[in-house]
**Q** 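For reference, the structure I am asking about is given below.
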Amino acid sequence: MYRMVLCTFLFIVTVYTVPVWAATPANPAANAKAAAVLNYLEQLPQRSEGRMLSGQFCNYGLTATKQPCEEVFQVTGRWPAIIGLDYADWSTSGLNTEIPNQVAIAYDKAGGWVTISAHIYNPANPAGGGLRDKGVDLKQLLTPGTDTYTRWMLELDCLAAGLAALQEANVVVLWRPFHEMNGGWFWWGAHDPADFIALWKQMFTYFTEIKKLNNLLWIYGPNHGSKTADYYPGDHYVDIVGLDAYTDDIAPKHIRGYEEITQLPKPFAFTEFGPHGSRNPPGDYDYLRFLNGVKEHFPKAVFFLSWHDNWGLMKNKNTKELLDNPWIVNRDNLPQIP
């Protein structure tokens with residue numbers, strides 16, 4: 001039986017002024033703060049230093065916490081510029097936006113920026129969960145009258161309510177849905193590109209035109225490898241592009257797809273990074289290897305998001321040296337955008 005997920009939210013309203021230097025996001029109605037954030041990111045590759053924002057993922061749903069960022073600060077004296085959170089709630093095979101939002105609002109008020117992903121449960125599975133289900137027909141998510149469509153719209157409503165709470169709190173969200181869509185490990189992945197693009201556009205249109213979510217910057221984040229640009233929804237539906245990469249070696253032989261994806265006219269980021277691979281890293285990586293590899297081979301990167309646990313900044317080596325490097329922008333270096 002399909003289980004409804006209860007979403008509760010914290011609402012805070014903040015008034016801000018319009019920056020005169022705002023860029024133009026994919027959503028024409030995006031608010032001035034979102035436009036200013038995008039404009040700042042677009043300018044970073046032209047700078048001689050202070051050109052890549054640091055980031056740390058800080059867990060999912062009920063377990064979301066700023067603790068990983070706090071540990072970074074305790075050891076390095078630096079707060080990561082970006083905190084990463086996810087709306088997945090593994091305990092219910094559904095979603096929880098309340099706890100991640102509390103963490104996001106606090107980090108934003110302290111001067112940091114926020115990126116949110118969602119390991120979305122499979123709406124074609126009436127029991128919930130099903131993150132790694134195979135054989136999902138994406139067209140069913142787009143077809144009114146089907147049970148899958150009905151469950152999908154409830155899921156979109158839950159996500160939208162969480163993102164709306166952050167809009168009320170004046171939090172810009174670097175929103176990264178459907179990540180690693182070029183791989184076959186999530187239910188939305190490795191489909192016909194046209195079907196995936198239709199699904200992306202459906203979410204974009206529903207969130208921007210119906211739900212009036214004007215605080216989002218939309219991130220297209222495939223896994224490094226093949227077909228990194230094949231699923232790109234188009235310039236009018238994306239603000240930032242990126243790659244998820246789990247590897248020690250920060251070089252084109254080991255991180256593939258950079259040249260392809262940076263041909264797209266959007267700022268580029270390492271939307272997830274983890275050393276050693278996607279399973280059971282030992283936590284002994286030298287993070288200066290990452291920085292030096294970025295400088296040499298991937299200089300267009302405007303931010304990175306280290307994954308948590310043994311991939312994270314504080315589980316590995318030379319984090320202080322990484323965050324102290326002039327190339328890196330930390331929370332205290334970010335522009336204060338009202």
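Basis for what follows: all heavy atoms, side chains included, without hydrogens, waters or symmetry-related copies.
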**Q** Taking the ring of F273 and the ring of F304, is the distance between their centroids below 6.0 Å?
**A** no
**Q** Check whether any side-chain N or O of N318 sits under 3.5 Å from a backbone N or O of E321 as a donor-acceptor pair, and report yes or no.
**A** no
**Q** Does the ring centre of H179 sit less than 6.0 Å away from the ring centre of F186?
**A** yes
**Q** Out of curiosity, R78 CZ to S54 OG, how far, rounded to the nearest 0.5 Å?
**A** 9.5 Å
**Q** Do N325 and K320 get their side chains close enough for a donor-acceptor pair, meaning under 3.5 Å?
**A** no
**Q** Between W188, Y231, Y220, which is the residue that forms a ring pair (Phe, Tyr, Trp, His ring centres under 6.0 Å) with F196?
**A** Y231
**Q** Taking everything shown except K66 itself, do over 12 heavy atoms lie less than 6.0 Å from its NZ?
**A** no
**Q** Hey, mind stepping through D89 and S91 against side-chain hydrogen bond (donor to acceptor under 3.5 Å, both in side chains) and telling me if it holds?
**A** CA-CA 6 Å; D89 179 9; S91 67; 2.7 Å; yes
**Q** Can you check whether Y246's main-chain N or O pairs, donor with acceptor, with S278's side chain at less than 3.5 Å?
**A** no
**Q** Any chance you could lay out the salt bridge (charged side-chain N to carboxylate O under 4.0 Å, His left out) test for K315 and D284, step after step, and finish with the verdict?
**A** CA-CA 7 Å; K315 298 293 186 178; D284 61 358; over 6 Å; no
**Q** Is any side-chain heavy atom of I261 closer than 4.5 Å to one of F268?
**A** yes
**Q** Pairing donors with acceptors under 3.5 angstrom, does anything connect the side chains of Q202 and W152?
**A** yes
**Q** For the pair W175 and Y87, name the ring-plane relationship: parallel under 30°, tilted 30 to 60°, perpendicular over 60°.
**A** tilted
**Q** Yes or no on side-chain contact (heavy atoms from CB on, under 4.5 Å) for V173 and T115, after CA distance, side-chain angles and deciding distance?
**A** CA-CA 5 Å; V173 177; T115 184; over 6 Å; no
**Q** Counting distance only, does the side-chain N/O of E42 pair as donor-acceptor with the main-chain N or O of P267 below 3.5 Å?
**A** no
**Q** Can a donor-acceptor pair be found between the side chains of D286 and N316 at a distance below 3.5 Å?
**A** no
**Q** Side chains of D133 and Y121: any donor to acceptor distance under 3.5 Å?
**A** no
**Q** I'd like to know if the side chain of D244 pairs up with that of T271 as donor and acceptor (distance under 3.5 Å, no hydrogens or angles considered).
**A** yes
**Q** Under 3.5 Å, is there a donor-acceptor pair between the T205 and Y237 side chains?
**A** no
**Q** Tell me every residue that passes ring-ring contact (aromatic ring centres under 6.0 Å, His included) with Y107, counting only those two or more places apart in sequence or in another chain.
**A** none
**Q** Please answer whether the main-chain N or O of G277 pairs with a side-chain N or O of W311 as donor and acceptor at a distance below 3.5 Å.
**A** yes
**Q** Over 60° means perpendicular and under 30° means parallel, so tell me whether W307 and H119 are parallel, tilted or perpendicular.
**A** tilted
**Q** Tell me whether the count of non-hydrogen atoms from other residues, nucleotides or ligands lying under 6.0 Å of NZ in K227 goes above 12.
**A** no
**Q** Just by distance, with hydrogens left out, do Q67 and E71 show a side-chain donor and acceptor under 3.5 Å apart?
**A** yes
**Q** Is a side-chain donor or acceptor of N182 paired with a backbone partner of N223 at a separation under 3.5 angstrom?
**A** yes
**Q** Taking the six-membered ring for Trp, are Y285 and F290 ring centroids under 6.0 Å apart?
**A** no
**Q** Assess the side chains of T228 and E260: does a donor N or O sit below 3.5 Å from an acceptor N or O?
**A** yes
